[in-house]
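What follows is one structure encoded as structure tokens, with my remarks underneath.
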There are 2 protein chains.
Amino acid sequence: MSPAQGRSRAGAGPGPGPGRGGRPGRGGRPGRPGHDLESILRTAVRLFTERGYDATSMEDLSRALGITKSAIYHHVSSKEELLRLATGRALDGLFSAAAAVEALPGRAIDRLERLVRDSVAVLVAELPFVTLLLRVHGNTAAEREALARRRAFDQFTASLVKQAVADGDLRPDIDPVMTAKLLFGMVSSAAEWYRPERGGGSGPGGGGSGPGGGALAEAICKLAFEGLRT
Amino acid sequence: MSPAQGRSRAGAGPGPGPGRGGRPGRGGRPGRPGHDLESILRTAVRLFTERGYDATSMEDLSRALGITKSAIYHHVSSKEELLRLATGRALDGLFSAAAAVEALPGRAIDRLERLVRDSVAVLVAELPFVTLLLRVHGNTAAEREALARRRAFDQFTASLVKQAVADGDLRPDIDPVMTAKLLFGMVSSAAEWYRPERGGGSGPGGGGSGPGGGALAEAICKLAFEGLRT
DNA sequence: ATGATGACCGTCCGTTCGGTCAGTAATCAA
DNA sequence: TTGATTACTGACCGAACGGACGGTCATCAT
């Protein structure tokens, strides 16, 4: 409330860096310590997914970071750029997985399964960014750009499905485009409920045991390729 | 732009009712003709799903309806109530499907498949409402209420999966909760891409032939229960 | 000591937001 | 013609929005 509050916090405290739970810890960089673009981006993505992009004001973000609103604009040119950076990171991961799969030998069905597993790995590794990406619906220019890249990814997976059907490895009585959408619909839905294990053994209700959500990928592949029925 | 625009549009025109593409057509009701709650709700849901709930202003909605912002508040008490009505309609459909399935005889796996098919039917029949429901993430009180009902539905499906596993009809090597989430993750994802056929035969890229997205439900059940592999 | 660097503050702006209110306009039944 | 019913207008309010601005402050290499 008082105008001196922010200043007094900045000047007080025994340690040099800001207290809080934030992670502005950087390694011996010049200049005044504090947040950098990365720490701001991660907090922004967290808030965007928690409360929605539009519902999150820059002042909300500033409060969460423990700095003022104007300080954010020292690191980023606009609110939309935060969204662009976040979706870009998720898409980069997905596309690098697609590129790796594309350069792979073997049957299409095996490469498709590999793409599913790698996509799950990206989902788990970059969960906040992927979650945000999957909630984007094309309101702003940045969102439309992200949607276009997502469509390109979908088309790649669809072409893989078509190849596998042509190889006689996948059932031909489902439209390949629909197959691809349902397959990655499962993967995408996991962004809304999968949470990495934080501690002990494989407890109930969780998701993936092993590193990087291996159980999640395993479940999706079993369900999709072999079917649920015994 | 000009302040007289709204008035001139309302006063002009040959017909008594509002022109536009809106559907205020009602059947011989008393009072001044125009929009009723239903027509406003449908337009609101359309805009909410197109541009997002938070990104859609009440003035956006009023423009789309061809009336003023304050006229909306004659039909509805708040913006949030529109959201409550919309999600409520979708959930009512889903829960009536669940209730019908619950009172059904037969093996759990068959009732589960029936629930999937009926859920797809609800999805298709109330596509705008269900789509909006699935995008809700718990920011407001109305959204949290919708989320709670969604969780109850998920728990019902999970219990059905557990029964089917106990019956020996579903593979036991996937956690039942995860199975349920993946299964309905496919159904939910369809809300983002399924569009009912508007015209001729089963063209490519579309979704469901037959009435009510039968092909969609068929594809999901084949994929989930029998698997994609030949 | 000094200057470059990077992080940050406080204040203000034009605009838009959800919502209110008193009054008006069109339709039906009596 | 009157009155009940329903739909609607236009002016307005307080608050919050994204963003811009000039100035300040701590830290580094020199």
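Chain identifiers are assigned alphabetically (A, B, ...) following the order of the sequence lines, protein sequences preceding nucleic acid strands; residue numbering begins at 1 within each chain. Small disclaimer: the values here were computed from a predicted structure and weren't measured.
- Of the candidates dC17(C), dA7(D), dC8(C), dA7(D) carries the atom nearest the Asp36(B) side chain, counting heavy atoms from C-beta on.
- Within the 4.0 angstrom heavy-atom criterion, no nucleotide atom of any strand lies near Ser62(B).
- Taking 4.0 Å as the cut-off between side-chain N and carboxylate O, Arg150(A) and Glu143(A) do not count as a salt-bridged pair.
- For dG19(D), its base never sits under 3.5 Å from the side chain of Lys79(A) at any donor and acceptor pair.
- In the set dG18(D), dC8(D), dC9(C), dG18(D) carries the atom at the smallest distance from any side-chain atom of Lys69(A).
- At the heavy-atom level, Thr68(B) lies under 4.0 Å from base atoms of the strands shown.
- Remark: His74(A) is not in phosphate contact with dC8(C), judged by side-chain N or O atoms under 4.0 Å from OP1 or OP2.
- For the 3.5 Å distance criterion, the side chains of Asp154(A) and Thr157(A) fail to qualify, holding no donor opposite an acceptor.
- Remark: Arg149(A) CZ is packed, more than 12 non-hydrogen atoms of other residues, nucleotides or ligands lying under 6.0 Å away.
- For Ser57(B), whose side chain is taken as the heavy atoms from C-beta onward, the closest listed nucleotide among dA7(C), dG18(C), dC8(D) is dG18(C).
- Between the side chain of Ser70(A) and the base of dG10(C), at least one donor-acceptor pair of N or O atoms lies under 3.5 Å.
- In this structure, the nucleotide among dT9(D), dC8(C), dT20(C) sitting nearest to the side chain of Ile67(A) is dC8(C).
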